[in-house]
Q: 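Handing you this structure, nothing more for now.
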Amino acid sequence: MVRANGAVSLRELARVVQTSEVTVRRDVRALEAEGLLDRRHGGAVLPGGFTRESGFPQKSHLATAEKTAIADLAASFVEEGEAVVVGAGTTTQELARRLARVPGLTVVTNSLLVAQALAHANRVEVVMTGGTLRGSNYALVGSGAEQSLHGLRVTRAFLSGSGLTAERGLSTSNMLSASVDRALVQAAAEVVVLADHTKLGTDTMFQTVPTDVITRLVTDEPPSHDDRAATELQALADQGVHISVAGPGAGASAGAVPGPEQVPQQQRRRDVPPLPGQRRTHGGHHPMPPGGQPQPGGGAPPPSQLRSAGSLGGEPPTARVADLAPRRR
């Protein structure tokens with residue numbers, strides 16, 4: 001099943017072979033030891049993420065509770081009247097469902113699924129890119145999509161991907177998707193990556209967003225036994241990425257769009273700010289502190305960096321419960 005689909009959920013495996021998920025989980029662990037597949041939270045994928053990308057039907061069944069929690073928390077950072085871009089992916093689709101009730105919002109996207117989630121939102125304007133439809137993830141890609149983004153200026157970009165590491169940043173398995181994501185990033189003053197803990201420490205073929213360009217990572221709490229994800233989170237914080245960790249229990253508000261004051265306490269587990277002065281520059285990007293404004297005395301950013309459609313705005317005051325300082329080297 002994994003060879004045919006690229007990925008499979010434990011629940012589906014248990015249904016097909018008519019056994020318990022506990023048994024399936026044990027067998028999947030044995031298959032991973034033999035190098036036949038890689039385990040992911042709630043499922044398994046083909047080994048070697050550099051060569052194969054799972055389709056939307058497979059991705060949609062992986063880490064669903066985590067994606068819900070991430071989407072709930074990410075939506076709390078969006079304010080009325082903003083203009084944002086939302087990339088393709090199952091997590092960004094969850095985010096779009098929560099953005100449907102943010103009044104005065106303008107959403108630019110290359111994802112048919114994101115557009116569909118917002119299609120009946122009365123006070124949300126949806127702008128779609130051009131391009132060629134990529135059926136595996138229902139996204140518009142190619143030169144048409146990239147050209148339609150030229151000259152665009154928005155406040156934030158919300159992106160997902162196949163993997164995230166402190167060394168390379170966000171990456172994906174498809175070259176066309178990576179190219180469009182890079183164009184989306186160029187249109188935004190702030191880059192927010194949505195990635196559940198199963199993607200932390202995973203590196204795939206095409207880099208989309210270098211670590212030093214990522215403003216914020218919204219993720220879920222890694223399991224206590226997942227040392228790789230915890231280590232990667234700390235490494236990302238050390239490199240200047242502001243990390244917001246959503247806790248469990250987000251499913252209760254799946255149909256609503258929470259404001260900052262509505263995000264349940266358990267979803268706002270901790271906020272990890274970057275170390276001041278730690279952020280590197282990449283490709284001429286002007287270093288920004290967590291609040292999104294230039295440092296005092298640092299001078300104005302060059303004209304090429306004046307890309308915001310409006311004020312970034314401060315982060316919601318109730319979205320921060322505790323600040324966990326990054327480890328100083």
Side-chain angles (χ1 to χ4, degrees), residues 2 5-9 32 35 37-56 58-64 66-67 69-71 74 86-95 111 134 136-137 139 141 157-182 184-185 191-223 226-241 243-246 272 282:
V2 174
N5 301 316
V8 70
S9 69
E32 183 183 47
L37 49 76
D38 288 340
R39 284 186 298 158
R40 291 291 183 269
H41 184 73
V45 299
L46 280 176
F50 287 97
T51 58
R52 179 70 180 263
E53 179 185 32
S54 303
F56 174 81
Q58 292 75 41
K59 289 181 180 179
S60 62
H61 295 297
L62 297 178
T64 53
E66 290 83 351
K67 292 173 183 177
I70 290 169
V86 180
T90 53
T91 310
T92 52
Q93 182 189 24
E94 288 296 322
L95 171 64
S111 168
R134 184 166 180 261
S136 61
N137 64 347
V141 297
F158 292 92
L159 298 175
S160 187
S162 301
L164 177 65
T165 66
E167 181 180 359
R168 289 186 72 221
L170 190 67
S171 61
T172 186
S173 302
N174 182 265
M175 181 173 62
L176 294 175
S177 295
S179 186
V180 173
D181 282 353
R182 285 192 289 267
L184 291 171
V185 167
V191 179
V192 182
V193 170
L194 312 182
D196 64 78
H197 73 270
T198 65
K199 297 178 181 178
L200 298 177
T202 299
D203 198 4
T204 51
M205 187 177 294
F206 299 100
Q207 183 191 58
T208 57
V209 189
T211 306
D212 53 0
V213 178
I214 300 173
T215 310
R216 180 185 298 273
L217 166 65
V218 183
T219 186
D220 62 294
E221 190 78 45
D226 194 344
D227 294 335
R228 182 180 72 167
T231 300
E232 206 68 47
L233 276 180
Q234 184 63 64
L236 287 162
D238 289 345
Q239 295 213 30
V241 178
I243 299 171
S244 297
V245 182
V272 187
H282 176 84

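None of these values were measured; they are calculated from a predicted model. Quick note: residue numbers are just sequence positions, from 1.
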Q: Between Gln239 and Ala166 (side chain of the first, backbone of the second, donor and acceptor by atom type, cut-off under 3.5 Å), is there such a pair?
A: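 Checked: pair present.
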Q: Would you call Leu159 and Val185 a side-chain contact if the rule is heavy atoms closer than 4.5 Å?
A: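 Contact flag for Leu159/Val185 side chains = yes.
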Q: Which heavy-atom pair separates Ser177 from Arg134 by the least distance, and what is that distance?
A: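 So the minimum-distance heavy-atom pair works out to OG-NH1, 3.3 Å.
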Q: Work out which heavy atom in Ile214 is nearest to a heavy atom in Leu170; give both atom names and the distance.
A: CD1-N, 4.2 Å
Q: Between Ser179 (side chain) and Met175 (backbone), is there a donor-acceptor pair under 3.5 Å?
A: no
Q: Quick one: do the Arg216 and Ser244 side chains pair a donor with an acceptor below 3.5 Å?
A: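 Distance-only check passes for Arg216 and Ser244.
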Q: Does Leu164 reach the side chain of Thr202, with side-chain heavy atoms less than 4.5 Å apart?
A: no
Q: Is the shortest side-chain heavy-atom distance between Gln93 and Ser111 below 4.5 Å?
A: no
Q: Looking at Asp220 and Glu66, would you say the former's side chain and the latter's main chain have a donor-acceptor pair under 3.5 Å?
A: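 Here the side-chain-to-backbone pair does not exist.
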Q: Quick one: CG on Leu194 to OG1 on Thr90, what's the gap to the nearest 0.5 Å?
A: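 It is 10.0 Å, given to the nearest 0.5 Å.
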Q: State the CE-CG distance between Met205 and Asn174, to the nearest 0.5 angstrom.
A: 10.0 Å
Q: Ala74 and Val218: which non-hydrogen atoms are nearest, and at how many Å?
A: N-CG1, 4.2 Å
Q: Would a 4.5 Å heavy-atom cut-off, applied to side chains only, mark Thr211 and Val241 as touching?
A: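 Thr211 reaches Val241 side chain to side chain.
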Q: Checking side-chain polar atoms at under 3.5 Å, does Ser160 have a donor or acceptor matched by the opposite partner on Lys199?
A: yes
Q: To the nearest 0.5 angstrom, please state how far the OG1 atom of Thr231 sits from the CG atom of Leu236.
A: 11.0 Å
Q: What do the steps show when you test Val245 against Ile243 for side chain to side chain contact (heavy atoms under 4.5 Å, CB included), and what is the final call?
A: CA-CA 6 Å; Val245 182; Ile243 299 171; 3.8 Å; yes
Q: Would you call Lys67-Glu94 a salt bridge at under 4.0 Å N-O?
A: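 Here Lys67 does not pair with Glu94 in a salt bridge, since their nearest N and O are not under 4.0 Å apart.
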Q: Tell me, please, which residues at least two apart from Thr165 pass side chain to side chain donor-acceptor pair (under 3.5 Å).
A: none
Q: Can you see which heavy atom on Phe158 is nearest to which on Thr92, and at what distance?
A: O-CG2, 3.9 Å
Q: So do the side chains of Leu233 and Leu217 get within less than 4.5 Å of each other, counting heavy atoms only?
A: yes
Q: Which atom pair, heavy atoms only, marks the closest approach of Phe206 to Arg168?
A: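 In terms of heavy atoms, the two residues are closest at C-NH2, 4.1 Å.
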Q: Kindly give the heavy-atom pair with the smallest separation between Asp196 and Thr219, and that separation in Å.
A: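 Answer, listing the atom of Asp196 first, then Thr219: C-OG1, 3.7 Å.
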Q: Among residues at least two apart in sequence or on other chains, which ones pass side chain to side chain donor-acceptor pair (under 3.5 Å) with Ser171?
A: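 Only Thr204 meet the side chain to side chain donor-acceptor pair (under 3.5 Å) criterion with Ser171.
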